[in-house]
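As structure tokens, the structure follows; a few thoughts come after it.
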Amino acid sequence: MDKFALPKGKEMSDAAYIADAAVLSKELTRMKARGPGDTENAMRLIEREYGIDYGFLWSLRYRVDRLKFISHSVYLRIQAAYRAECERQVRKLQHELEINKAMGAGADAVASAEAFLNEMDAEDLK
């Protein structure tokens with residue numbers, strides 16, 4: 001099977017791919033940004049870390065209505081980068097949870113974080 005081919009039954013229109021890529025890239029940028037006004041730096045960081053062209057990220061963010069098509073390899077790269085960043089965020093939460101448990105801090109916060117992580121594990125098993 002070609003790694004760039006879509007699985008059967010998962011065909012989407014070009015517009016749907018572009019819309020999905022725009023949402024994923026905006027969320028990825030939000031996760032990488034250090035605060036308000038850091039969008040450009042976050043997009044440049046994504047370019048360095050994941051190899052997704054800054055100009056294309058910019059177009060997905062500000063000119064999505066003008067895009068006619070998206071390369072399937074670029075779409076898959078954005079999707080993989082988003083998943084990798086989500087996994088990184090979960091590992092970061094697990095680490096902070098262990099630190100808070102060791103310090104004996106906030107039982108409510110610890111319980112909430114554990115519930116979230118258990119929910120994430122349950123979704124991964126599906």
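Numbers here are sequence positions counted from 1. Worth saying up front: this structure is predicted, and the values here are computed from it rather than measured. Every heavy atom of this structure was used, including side-chain atoms; hydrogens, water molecules and symmetry mates were not.
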Reported [atom1]-to-[atom2] distance for the pair [X] and [Y], which is rounded to 0.5 angstrom:
X	Y	atom1	atom2	result
Q94	I99	CD	CD1	12.5 Å
L24	E27	CG	CD	8.5 Å
I46	D53	CD1	CG	12.0 Å
L28	L57	CG	CG	7.5 Å
S13	Y17	OG	OH	9.0 Å
R30	S25	CZ	OG	12.0 Å

Does a side-chain heavy-atom distance below 4.5 Å link [X] with [Y]?
X	Y	value
I70	F56	yes
Y82	R77	no
V23	K26	no
I78	D20	no
N41	R34	no
K32	M43	no

Polar side chain donor-acceptor pair, E85 to Q89, under 3.5 angstrom
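A pair is found: one side chain offers a donor N or O, the other an acceptor, under 3.5 Å apart.
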Find out if a path of hydrophobic residues (ILVMFWY) with successive side-chain heavy-atom gaps under 4.5 Å connects L45 to M31.
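L45 does not cluster with M31.
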Within residues 58-69 or reaching into it, pairs that qualify as side-chain hydrogen bond (donor to acceptor under 3.5 Å, both in side chains) - sequence neighbours excluded
none
Between E40 and R44, does at least one N-O distance fall below 4.0 Å, as a salt bridge requires?
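Counted as a salt bridge, because a side-chain N and a carboxylate O are separated by less than 4.0 Å.
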Heavy-atom closest pair, residues I18 and F69
CD1-N, 3.6 Å
